[in-house]
Amino acid sequence: MLARTYRLIKKEDFRKTYANRKSLANPLLVLYHFKKSNQYAPRIGISVSKKIGNAVIRNKVKRRIREAMRSYLPKIKTEYDLIFVARIKIGKASFKEIEKSVEDLLIRAKMIRKMSKT
RNA sequence: CGAGUAUGCCAGAUGACCGCGGACACCAAAUGCCGAAAGGCGGUGUCUGAGGAAAGUCCGAGCUCCAUAGGGCAAGGUGCUGGGUAACACCCAGUGGGGGCGACCCCAAGGAAAGUGCCACAGAGAGAUACCGCCGAUGGCGGGCAACACCGCACAGGCAAGGGUGGAAAGGCGAGGUAAAAGCUCACCAGCAGUUAGGCGACUAACUGGCUCGGUAAACCCCACCUGGAGCAAGACCGAAUAGGGGAACAACAAAACGGCCCGUUUUAGUUCCCGGGUAAGGUCGCAUGAGGUGUCAGGCAACUGGCAUCCUAGAUAAAUGGUCAUCACUCCUUUAAGGAGGACAGAACUCGGCUUACAGGCAUACUCGCAAU
RNA sequence: GGUGCGGUGGCGAAGCGGUAACGCUGCGGACUGCAAAUCCGCCAUUCGUCGGUUCAAAUCCGACCCGCACCU
């Protein structure tokens, strides 16, 4: 699992992020985001409902989303809370499709920091 | 070779790189960050990390709190016998009944002559009867006769064989018997009671007897046995907040623990209303050495039990097993010696023993039936 | 994780051993010049699903499926 500082846990934080009403979607995922102030690390929540499948499938989807996020984590703008909501089709998707979907949403939401040229 | 039955087992394997939970060791520590506080936050190495059902939550226990879990009633559960077990509604071995050619499988399987209820519609009648019917020997009435005999009627009365109704109609079937009939009598079968023999027992076998008694207890009930209630979100500690502040009312023939009721036990707290004040899924433990696993020896038909040796095998808290690749094994497809596709049901949450339900396939052992060959 | 309750026409809801009330909606008809209102008629053969007990099951018993509520 993610380190505690990167996790979005509290019900209140989820509620506030949904209430911000800023979202993007593609067939596999929905991304909600909420800009905070004075925050030094992005916090990420993952929501997989019972509609997706049984406990094994839901667990697998969560793992794959986390794995896909892992490489982007240091590049994400620090002052945001993000929530990924799984959609029904994700149960049948491969890891590569999920990885593409995560990348697509992060770029479209402009969450990737501009890295200094190397 | 094919079809099947029973029991037990497996749930792809190995390696490389990146990533995650836990334990241990070492290193690093800023007087740093988060938080009201308690407390938490780093790196490296080694070891370790989901199931046969982890599931449904249907039973049984341990454990914790309520009193140490007490008595009676009520309520609920179990229900052929014997054994196993911590316990069970589970397992083993039997009995009885049912199914299969067979190996074998299935069964909530105590009591209806302790009592009560119900048995709709139909039907005369559903523990009680006579609608159609059969008879009318006997008695009666009428005829007939010297008197009987005899003939008729179907009034008294007898019968339950046949018809019809129904899921079910006073044991079944055959023979004798009779006015017509009927266990009225007899043979066989079913059932009941008794005796004897065998078995710890359920029960079985033989003999004798009188002659027969509806179904339903997953209806109430009776009998025997069992059950106190709640659940790890139990519960304990730490921290914050509340209370330990104020006012009024009730209350020892009282109130609370106490939960369906009563008794009993313990305590003297408490309950209601108003004013004032105020917060959140806080942290640590419980939490994994246990009715434990494996091997072996002994007892037992078996379930299982005992001795000895040996092993330690997940403990998270929104929740850890994933990603990429290679090789081998398996299944399928296309073609030919290579390529492609695929892998069921399903994710520990205090812990065990069972049951039930879901499930791609594979392995081992024993046995049954059929065909062929020797 | 644990505990409890429920599932009956399209919707709500009664019935808890004897063959499925009632209200709303819908459909058809009557009334009307046309409507509304009113009146009459129709709509359950799988009572969530599968078994069992019984002569007979929505009802009693067991297993399974789905939905809802409560406990920090």
Side-chain angles (χ1 to χ4, degrees):
Chain A
M1 50 186 155
L2 295 163
R4 196 166 268 276
T5 44
Y6 294 111
R7 267 187 278 171
L8 193 65
I9 296 169
K10 289 192 177 180
K11 196 176 194 172
E12 184 64 15
D13 291 332
F14 271 85
R15 200 186 58 73
K16 281 181 179 168
T17 307
Y18 287 131
N20 193 42
R21 301 178 63 85
K22 292 192 173 170
S23 65
L24 293 159
N26 62 26
L28 298 185
L29 288 167
V30 180
L31 174 66
Y32 287 85
H33 56 85
F34 181 36
K35 187 173 184 179
K36 313 266 306 249
S37 51
N38 305 323
Q39 184 167 295
Y40 303 102
R43 296 192 301 175
I44 290 135
I46 299 171
S47 171
V48 183
S49 80
K50 267 192 171 174
K51 279 184 274 183
I52 308 301
N54 62 27
V56 174
I57 307 263
R58 293 202 303 273
N59 211 355
K60 192 162 202 168
V61 166
K62 279 189 271 180
R63 284 189 201 125
R64 285 177 156 173
I65 293 171
R66 273 200 296 272
E67 178 67 22
M69 278 297 306
R70 200 160 56 80
S71 56
Y72 295 104
L73 204 53
K75 304 179 194 168
I76 292 173
K77 292 182 180 173
T78 56
E79 64 271 30
Y80 279 90
D81 282 347
L82 305 177
I83 299 176
F84 287 93
V85 178
R87 306 183 79 183
I88 293 169
K89 284 185 179 173
I90 205 169
K92 291 174 192 165
S94 70
F95 174 72
K96 284 195 171 170
E97 289 171 317
I98 293 170
E99 198 174 31
K100 266 193 155 180
S101 170
V102 168
E103 187 186 29
D104 169 63
L105 287 175
L106 288 175
I107 289 170
R108 280 166 55 202
K110 294 171 181 156
M111 285 295 140
I112 307 297
R113 263 184 301 185
K114 286 175 185 170
M115 304 301 283
S116 51
K117 288 176 186 174
T118 50

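Below, chains carry the letters A, B, ... as their sequence lines are ordered, and counting in each starts from 1. Computed from heavy atoms alone, side chains included, the values below leave out hydrogens, waters and symmetry copies.
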If we take the [atom1] atom in both [N] and [M], what is their distance in whole Å?
{"N": "B:rG72", "M": "B:rC225", "atom1": "P", "answer": "14 Å"}
{"N": "B:rC63", "M": "B:rG290", "atom1": "P", "answer": "11 Å"}
{"N": "B:rC192", "M": "B:rU165", "atom1": "P", "answer": "33 Å"}
{"N": "B:rC155", "M": "B:rA160", "atom1": "C1'", "answer": "22 Å"}
{"N": "B:rU64", "M": "B:rG307", "atom1": "P", "answer": "26 Å"}
{"N": "B:rA255", "M": "B:rG110", "atom1": "C1'", "answer": "50 Å"}
{"N": "B:rA190", "M": "B:rG97", "atom1": "C1'", "answer": "16 Å"}
{"N": "B:rC41", "M": "B:rU68", "atom1": "C1'", "answer": "48 Å"}

Assigned glycosidic conformation for [N] [threshold 90° from 0]:
{"N": "B:rG183", "answer": "syn"}
{"N": "B:rA219", "answer": "anti"}
{"N": "B:rU313", "answer": "syn"}
{"N": "B:rA120", "answer": "anti"}
{"N": "B:rA53", "answer": "anti"}

Both distances below 3.5 Å, Watson-Crick or wobble geometry, any strand: find the nucleotide opposite [N].
{"N": "B:rG361", "value": "B:rC10"}
{"N": "B:rG277", "value": "none"}
{"N": "B:rG176", "value": "B:rC184"}
{"N": "C:rC68", "value": "C:rG4"}
{"N": "B:rC65", "value": "B:rG229"}
{"N": "B:rA93", "value": "B:rU81"}
{"N": "C:rC55", "value": "C:rG18"}
{"N": "B:rA298", "value": "B:rU305"}

Which residues share a side-chain contact (heavy atoms from CB on, under 4.5 Å) with [X], sequence neighbours left out:
{"X": "A:S71", "result": "none"}
{"X": "A:K60", "result": "A:R64"}
{"X": "A:R108", "result": "A:L24, A:N26, A:D104, A:L105"}
{"X": "A:A25", "result": "A:V30, A:R87"}

ask   = Just by modelled atom types, is the A:K110 backbone N or O under 3.5 Å from a matching donor or acceptor in the A:K77 side chain?
value = yes

request  = Examine distances only and state if a side-chain atom of A:N54 and a backbone atom of A:I57 form a donor-acceptor pair shorter than 3.5 Å.
outcome  = yes

ask   = If Ile, Leu, Val, Met, Phe, Trp and Tyr residues are connected whenever their side-chain heavy atoms lie under 4.5 Å apart, and connections chain through other members, are A:F34 and A:V102 in the same group?
value = no

task = Report whether A:F95 and A:F84 are members of the same hydrophobic cluster (ILVMFWY, side-chain heavy atoms less than 4.5 Å apart, transitive linking).
result = no

Let me know the distance between [atom1] of [X] and [atom2] of [N], rounded to the nearest Å.
{"X": "A:I44", "N": "B:rA319", "atom1": "CD1", "atom2": "C1'", "answer": "18 Å"}
{"X": "A:E97", "N": "B:rG323", "atom1": "CD", "atom2": "C1'", "answer": "15 Å"}
{"X": "A:R70", "N": "B:rG322", "atom1": "CZ", "atom2": "C1'", "answer": "9 Å"}
{"X": "A:K96", "N": "B:rG322", "atom1": "NZ", "atom2": "C1'", "answer": "16 Å"}
{"X": "A:R66", "N": "B:rG21", "atom1": "CZ", "atom2": "C1'", "answer": "11 Å"}
{"X": "A:E67", "N": "B:rC17", "atom1": "CD", "atom2": "P", "answer": "16 Å"}

Verdict with reasoning, A:S47 to A:Y18, per side-chain contact (heavy atoms from CB on, under 4.5 Å) = CA-CA 12 Å; A:S47 171; A:Y18 287 131; 4.0 Å; yes

task = Remember a base hit wins even if backbone is also touched, and classify A:R64 as base, sugar-phosphate or nothing at under 4.0 Å, heavy atoms.
result = sugar-phosphate

task = Report the distance from atom CG of A:L28 to atom CD1 of A:I90, rounding to the nearest 0.5 Å.
result = 5.5 Å

note = Result for 5'-nearest mapping on RNA chain B, choosing between A:F95 and A:K62, is A:K62

inquiry  = Please give me the minimum heavy-atom distance between A:V61 and A:A86, naming the atom from each residue.
reply    = CG1-CB, 4.2 Å

message = Quick one, A:R70 with A:E67, criterion salt bridge (charged side-chain N to carboxylate O under 4.0 Å, His left out). Give me CA distance, side-chain angles, the key distance, then yes/no.
response = CA-CA 5 Å; A:R70 200 160 56 80; A:E67 178 67 22; 2.9 Å; yes

Atom pairs under 3.5 Å: protein N/O with N/O of nucleotides 345-349 of chain B:
unit_1  : atom_1 : unit_2 : atom_2 : d
B:rG347 : OP2    : A:A55  : N      : 3.3
B:rG347 : N7     : A:N59  : ND2    : 3.3
B:rG347 : O6     : A:R63  : NH1    : 3.3
B:rG347 : O6     : A:R63  : NH2    : 3.1

Please list each protein N or O that sits under 3.5 Å from an N or O in nucleotides 64-70 of chain C, with the distance.
none

